[in-house]
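Everything on this sheet refers to the single structure shown next.
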Amino acid sequence: MELQTLLRIPIYEKASVVAGQKGVTRKVHNVNMMDAPDILSFLKEGEFLITTGYHFKEHEESLAKLVEGMAKKKCAGLAIKTKRFFEHVPASICQLADELHFPIIDFQTDETLGAVINESLSFILDKKTAELQQAMVTHQLFSSYILQGKGIEKIMQSIQTLCNAHVALFDTHGHELFYTNKREPFSLPMEEAVAGAKQLFLRTSKYTTFSFLHTKKTVTLFPIATHTRKYSYLLIEHQVSLSDSALLTIEQATNVLSFEMMRQQALYEAERRRKNDFFNQLVNNYYKTLEDASFQAQMMGLSAGNSYICAVGKIHSTFTPYSDDDMIYELLQYELSTGHTEAVLFFYDNLYILLFTPHSQPMIIECLHRLQEAVYRHYDKRMSFGVGNQSQSLLTIADSYKEAVEALETIHFKDQSKLIQFYQPKQFKELLRLLPANDLQDYYSQTLEGLLQYDKKDRSILLDTLETYLNSNCQISETAKQLFVHRNTVIYRIEKCEELLKRPIHTSEETLRLRVAFQIFSLVHAN
């Protein structure tokens, strides 16, 4: 309780605050009586000291040190029983106390100091008992609201009545969960406020009060803790000066809200695990027919008759605490729910999976950009996406997923302009690069063996002619035109090639073999 509240009880009827009047709102946790020169070392924060001042009657400087030390320790105040060793509190002590806003009480009484202590402590204990009883009743009332299924709404309305101000509830990202003012939308930038909430709260504070610069509006914010690092926030729409009982009521409200949010979070996480298990089964071919998958798909928000485009997201960070995954997932889910592009979110293999119903590429890019901006705004982390091709059915989503993962792996993070990559099928030469170099060399050496062993001067001419001939779809005239030679020259050279290769080159199978060999030949020589 505050010191000024304690001083109102009858036994302090003849007490008066002679200095440090601005400090009468200091909190009193205990009342102590002591007359000893080393009294300061025994005092603690919130302690109210009553003394006769015997050891300071001729040592005013020692009394000044006591006042300074008690103010530094955040003691509640000092009451000196005058008309015994002190006629009145010295003026220099009063001046010092005023500067420190530390209350000095001139206390005149016929009662023994022991009786004063007993009555003071009884009053404090009675007050604490009443507050605890109120806390129990309040907790039971709020808990009953939760059990009735209207917990959050009822609790928020109770706090609104208590504080005579609108109140709001926000999640860990500053997104509105509930607001008592149904007539007007909430207009304060809570995303920014919550993002800096760790800097707003002092280590020992139960709440904080601050003002928004652009609106000049003052609010009071209470954190609501859960078993994770995630905090929700209760906001009261003005600066509140709370009595102990009102603060205790709000504390009970935040406690009950914390349990309710943990309950909702447990249900949410269970639902998310079901979704992720379904996606795991889907991409690993657990479902053999569309009918097998359709029922589960509908529960996940997917339609068995639709085709989907898969996008795969990854956070770029050297170290990402595991608990961030949950919060980023919730952030992405919220952003999707407020957007115009329909998508279902999963979390699989440490990747964020989005299944889009068919949309134009610009719409998908716009949605993914919005998710990237949200992650960067809240967590200062970059997020990249790979996007696969449209699946033909629910059962071929696995193909789109694999394409999206492949596209994601091609992103070079240093290039900030290419953090969204759509899947592109590999060119033939890219596929060849996936094969061992020795195998490639063996293939073209065996296929072109006769030509490669021919006279070096004419070998390059024959190879060039054969490659141009194959690229011209085996057309003599077109080959002659491209090589700037007579068509009979081309015929001669092609016949010479057949002679050296010891096989005809006009069959579809042989033409394909030679084309592949020339691709490998150019690839190996380019490297």
Side-chain angles (χ1 to χ4, degrees), residues 272 275-290 292-294 296-297 300-317 325 328-329 332-333 335-336 339 341-372 375 381-436 516 519 523:
R272 201 181 85 178
K275 286 179 65 178
N276 297 338
D277 289 343
F278 167 76
F279 188 81
N280 180 22
Q281 293 169 347
L282 194 62
V283 297
N284 287 291
N285 301 316
Y286 175 84
Y287 301 104
K288 302 304 179 185
T289 66
L290 194 59
D292 293 340
S294 60
Q296 289 291 333
M300 304 303 150
L302 301 173
S303 173
N306 282 352
S307 56
Y308 291 92
I309 297 172
C310 182
V312 173
K314 178 181 179 181
I315 300 294
H316 290 271
S317 176
D325 292 336
I328 291 173
Y329 182 94
L332 298 180
Q333 188 69 68
E335 293 294 333
L336 289 171
T341 308
E342 184 180 348
V344 180
L345 178 66
F346 299 90
F347 185 74
Y348 173 70
D349 198 21
N350 293 320
L351 298 171
Y352 300 91
I353 316 298
L354 292 153
L355 294 184
F356 291 94
T357 52
H359 287 290
S360 65
Q361 190 175 108
M363 289 183 67
I364 292 177
I365 291 175
E366 181 184 355
C367 177
L368 297 181
H369 274 316
R370 187 158 51 84
L371 299 183
Q372 288 173 329
V375 170
K381 293 177 182 176
R382 298 287 183 183
M383 188 174 194
S384 59
F385 286 99
V387 185
N389 291 320
Q390 182 174 319
S391 66
Q392 298 303 312
S393 70
L394 193 66
L395 295 182
T396 57
I397 284 176
D399 296 332
S400 183
Y401 167 72
K402 292 173 184 176
E403 292 169 351
V405 171
E406 191 172 323
L408 182 65
E409 291 173 349
T410 65
I411 293 177
H412 298 288
F413 181 59
K414 292 182 180 178
D415 187 353
Q416 300 293 326
S417 64
K418 296 182 179 178
L419 289 181
I420 298 175
Q421 179 66 52
F422 282 77
Y423 175 76
Q424 294 178 348
K426 283 185 169 62
Q427 299 296 323
F428 185 67
K429 282 190 177 181
E430 291 178 323
L431 292 173
L432 291 177
R433 288 192 180 98
L434 300 177
L435 299 175
V516 172
Q519 289 281 355
L523 177 65

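In this structure, OH in Tyr286 is found 11.0 Å from CG in Asp277, a value given to the nearest 0.5 Å. Atom CD of Gln333 is separated from atom CZ of Arg272 by 9.5 Å, given to the nearest 0.5 angstrom. How far CZ of Arg382 is from CD1 of Ile315: 11.5 Å, rounded to the nearest 0.5 Å. Between the CD1 atom in Ile328 and the NZ atom in Lys381 there is a gap of 5.0 Å [rounded to 0.5 Å]. Separating the CG atom in Leu282 from the CG atom in Asn276 is a distance of 12.5 Å, to the nearest 0.5 Å.
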Quiz item: Going through the distances and angles, do Gln372 and Phe385 end up as a side chain to side chain contact (heavy atoms under 4.5 Å, CB included)?
Solution: CA-CA 9 Å; Gln372 288 173 329; Phe385 286 99; 3.8 Å; yes

Exercise. Go through the steps to decide whether Val344 and Leu336 satisfy the test side chain to side chain contact (heavy atoms under 4.5 Å, CB included), and finish with yes or no.
Key: CA-CA 8 Å; Val344 180; Leu336 289 171; over 6 Å; no

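Listed here is the closest heavy atom pair of Ala311 and Val387: CB-CG2, 4.1 Å. A pairwise comparison of heavy atoms in Met383 and Val375 identifies SD-CG2, 3.9 Å as the closest pair.
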For residues 393-401, which side-chain N or O atoms pair as donor and acceptor with protein atoms under 3.5 Å away, sequence neighbours left out?
| from | atom 1 | to | atom 2 | distance (Å) |
| --- | --- | --- | --- | --- |
| Ser393 | OG | Leu395 | N | 3.4 |
| Thr396 | OG1 | Gln392 | N | 2.9 |
| Thr396 | OG1 | Ser393 | N | 2.9 |
| Thr396 | OG1 | Ser393 | O | 3.0 |
| Ser400 | OG | Cys310 | N | 3.0 |
| Ser400 | OG | Asn389 | O | 2.7 |

Pairs under 3.5 angstrom only: tabulate donor-acceptor contacts from the side chains of residues 345-355 to other protein residues two or more places apart or in another chain.
| from | atom 1 | to | atom 2 | distance (Å) |
| --- | --- | --- | --- | --- |
| Tyr348 | OH | Asn280 | OD1 | 3.4 |
| Tyr348 | OH | Asn284 | ND2 | 3.3 |
| Tyr352 | OH | Asp325 | OD1 | 3.3 |

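With sequence neighbours excluded, the residues that form a side-chain contact (heavy atoms from CB on, under 4.5 Å) with Asp292 are Tyr287, Lys288, Thr289. A search for side-chain hydrogen bond (donor to acceptor under 3.5 Å, both in side chains) contacts involving Thr357 returns His359, not counting sequence neighbours. Take Glu403 and apply the salt bridge (Lys or Arg N to Asp or Glu O under 4.0 Å) test, not counting sequence neighbours, and it matches no residue.
With no hydrogens or angles considered, no side-chain donor-acceptor pair links His369 and Glu366 at under 3.5 Å.
Within the structure, every pair that satisfies the side chain to side chain donor-acceptor pair (under 3.5 Å) test and touches residues 303-314, not counting sequence neighbours, is listed here: Ser307-Gln390.
Within a 6.0 Å radius of CD in Glu335, more than 12 heavy atoms belonging to other residues, nucleotides or ligands are found.
At distances below 3.5 Å, not a single donor-acceptor pair connects side-chain atoms of Gln421 with backbone N or O atoms of Gly386.
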